[in-house]
Amino acid sequence: MNIFKKKPARLTAFLLSIAVISSCVGISAYAAGANADRADDPVPDSGNSSKSSVGTSNLTASRDETIYVIAGADGSPQKIIVSDWIKNPAGNATLEDGADLNSVVNVKGDESYTINSDNMRVWNTEGNDLYTRGESGKELPVSLSIRYTLDGKAISPDELAGKSGKVAIRFDYTNNQYEWVEIDGKKEKISVPFVILTGMVLDNEHFKNIEVSNGRLLNDGDRTVVAGLALPGLSENLRLDDSEYSLPDFVEITADVTDFELTTTLTLATNEVFNEIDLGDADSLEELKGSMDQLTEAMEQLTNGSSALYDGLSTLLDRSGTLIAGIDQLTAGAGELADGTKALESGSAALQAGIAQLSDGLKELGSNSAALNAGAKQVFDALLSQANSQLSEAGISIPALTPDNYASVLQNLLDSIKAPAGQNPVYQKINAAVRSNEAAIRTQVTAAVRKNVLNKVLAAAGNPMTAEDYEAAAAAGNPSAAPITAALEAQMNSAGVQAMIQAETEKQIEALTQENLKTVSAQLTGLKTQLDSYNEFYKGLLAYTAGVDAANSGAGKLNEGASALVGGISDAADGAQRLSDGANELKNGSGALTDGISQLKEGAMQLSGGLKQFDEEGIQKLSNVLGDEIDGFFARLRATLDVSKDYASFADSTQTMGGAVRFIYRTDSIRTAE
């Protein structure tokens, strides 16, 4: 289904798709338009007006922020959890954190903080990165509203559970985050641009004839993955005419349903995709057209990469079942231990039996460690294999990437790209590829120079003919064109004109080389970031399984010395109860692990489908109509991108650190009472 409603007279929505996609593959967009200057908010805030100010103490720090919104089935937020990765590349001993959060904890280290006079946390980082989590009661920048109808009539989620009929589920998104900026002398409200992806998995036994507006469906025979896309507030930012174009601000799913139930829905909202776009100072439409071939190739690579990500997450999800089974066994053993300690007053034999059961449970959990580690290693190897293949296909010769060397190899390659041309093998390879088209480039340059020389010859001769008149006369063999032709050819063959053609040709070759070099650098940076993220997960998993093995060993020793604990019956009973409670918490949390991996898998499929949709409906169609109406569009686009870059944190209203921010909404399930 088309995302954009299109009429032939307008191009604005298609140019938007170019801008969004270009940020993902590192290609700059160029267009004409007036600059959009910043202005303070002229009226009192009626929404979430984002402000930007950078503190001097945190110039080298940045924040990677993920906000998890636990929502009801109607989309209303019930709990907001903020997970922050505060990066400290300069190794500062202290960092100021202005995040307005409750119940803040350090989730990966033991670094502590104090509160300064400005009511900000001052972390004693010891030169490390920080990983924190807290809760927030702030208003979200994007409000989610979910409405349900059954056979055309509104119905609540609780009433809908177990019902059958024609069901419609509509997701509406309201953009609450904006700034006031000055465009062409007027102050206007520009919303922070968010890309919204909503997805769910529907059981084909209960859902038939599924349709989605502004989205895509993927059916594997048993389940249907639904993925929808929205861009709330962007039409207003760009002043698109709704009668000719509309960017989606809602997603609606309809289906014929039997015994309705819905496990959950996931929604991702982020402005990161817009933050990478750099329009620069170029205003040549011809340059934008010339980038289309490169954009199409990069789009194909990005789509293939998203499919590989989905395959890797599928493998990880399959392996997570083994972990959950082991945790269930641990919970059962801990419960039996707690029951046994309560009966210690009548005999110590029950205590020893309970500890033996705990030991058995830990042994079985530990027996799964090798399979879990192997599965994670398989995913890592698959990612590295794909990266090696892509680099080889691109003609980049480096040592094969491994978990131990990929970071240094890719960093060395990135450093080499920054080297001078004579010492930069990547530059030389790209330059050679561009120079292979030197004849075509020279032909274009020569045509442009010839046109200018012709106009000068006509003016010098006092000839009333226009360039078009001359071309027609020359083509017809009219004798009146002969003197002009002779003069024109003489000028074109002159040393000065030929030198000018050569210089301009070299200039164009160098410009194309630099443009492609930037694209390669951005793609390599993205690859390294992806591998770094998975490497961190992989190391954490190895540490976890090692801990399970250590716990297994300790349980065996505990069983051997159980008889010595009889004298401490009361203390042992309390400890066993705490162990049972902790095991239950671990079991409850294990479901969230599987849900999270499942949601990541579904999100990866939504990303892959969305990228294919952008390619089919934006990129492939753009080349047929590009060039009609783009003047004036980029002034608003520049303002939108500037506002997006200002919004770097949800929790920290002072915006003291740059970085990335994304929101993940998870809704409650809808089920009949058991």
Side-chain angles (χ1 to χ4, degrees), residues 40-53 63-84 97-104 118-121 132-147 157 170-181 188-198 230-237 248-251 264-275 640 642-668:
D40 292 332
D41 194 335
V43 297
D45 291 346
S46 58
N48 292 340
S49 177
S50 62
K51 301 292 182 183
S52 175
S53 62
R63 183 192 304 275
D64 191 300
E65 189 171 89
T66 302
I67 297 91
Y68 300 93
V69 182
I70 311 303
D74 62 351
S76 58
Q78 298 174 347
K79 188 174 184 180
I80 301 175
I81 302 171
V82 179
S83 177
D84 274 347
D97 178 13
D100 183 13
L101 296 174
N102 301 318
S103 305
V104 176
D118 294 327
N119 203 31
M120 298 176 69
R121 295 180 186 83
T132 67
R133 183 179 67 244
E135 297 181 8
S136 174
K138 295 178 61 177
E139 180 183 1
L140 294 167
V142 176
S143 301
L144 172 63
S145 172
I146 309 175
R147 293 178 290 170
R170 179 178 172 115
F171 294 77
D172 287 291
Y173 316 92
T174 303
N175 193 331
N176 307 312
Q177 199 74 32
Y178 61 85
E179 284 187 32
W180 288 93
V181 302
E188 297 185 22
K189 186 170 75 173
I190 298 295
S191 299
V192 174
F194 288 99
V195 174
I196 311 291
L197 290 172
T198 288
L231 299 160
L234 197 53
S235 288
E236 291 79 3
N237 282 5
D249 58 6
F250 74 94
V251 172
T264 188
T265 70
L266 272 183
T267 295
L268 168 68
T270 181
N271 65 326
E272 293 178 81
V273 69
F274 293 93
N275 292 343
T640 299
D642 289 343
V643 169
S644 179
K645 290 180 175 67
D646 283 349
Y647 188 72
S649 173
F650 164 75
D652 187 0
S653 58
T654 64
Q655 305 290 309
T656 54
M657 299 181 190
V661 60
R662 65 199 65 86
F663 300 80
I664 300 175
Y665 302 71
R666 190 189 72 180
T667 60
D668 284 345

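Count residues from 1 along the sequence.
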#### Entry: Distance-minimising heavy-atom pair for Ala660 and Glu272
CB-OE1, 3.3 Å
### Query
Minimum heavy-atom separation for Val82 to Ser136, with atom names?
CG2-CB, 4.2 Å
Rounded to the nearest 0.5 Å, what separates atom [atom1] in [X] from atom [atom2] in [Y]?
| X | Y | atom1 | atom2 | value |
| --- | --- | --- | --- | --- |
| Asp84 | Glu65 | CG | CD | 4.0 Å |
| Arg666 | Lys79 | CZ | NZ | 10.5 Å |
| Leu231 | Ser191 | CG | OG | 12.0 Å |
| Leu197 | Leu268 | CG | CG | 5.5 Å |
| Ile664 | Leu266 | CD1 | CG | 7.5 Å |
| Leu101 | Ile81 | CG | CD1 | 11.5 Å |

Measure the shortest side-chain to side-chain distance between [X] and [Y] over non-hydrogen atoms and say whether it is less than 4.5 angstrom.
| X | Y | answer |
| --- | --- | --- |
| Phe171 | Leu144 | yes |
| Glu236 | Asn175 | no |
| Tyr665 | Ile146 | no |
| Lys645 | Asn275 | yes |
| Ile196 | Pro232 | yes |
| Asp642 | Val181 | no |

#### Entry: Any side-chain donor near an acceptor of the partner, Thr198 and Tyr173, under 3.5 Å
yes
### Query
Ser103 and Glu135: side-chain donor and acceptor closer than 3.5 Å?
no
### Under the side-chain hydrogen bond (donor to acceptor under 3.5 Å, both in side chains) test, residues paired with Asp172 that sit two or more places apart
Arg147, Arg170
### By side-chain hydrogen bond (donor to acceptor under 3.5 Å, both in side chains) - contacts of Asp64 (at least two apart)
Arg662
Any donor-acceptor pair under 3.5 Å from [X] side chain to [Y] backbone:
| X | Y | value |
| --- | --- | --- |
| Asn176 | Leu140 | yes |
| Thr270 | Val661 | yes |
| Thr667 | Thr264 | no |
| Asn271 | Tyr647 | yes |
| Asp97 | Arg121 | no |

## Note on the structure
Residues passing the ring-ring contact (aromatic ring centres under 6.0 Å, His included) test with Phe650, sequence neighbours excluded, are Phe663
### Query
Any salt bridge between Asp100 and Lys138, counting N to O under 4.0 Å?
no
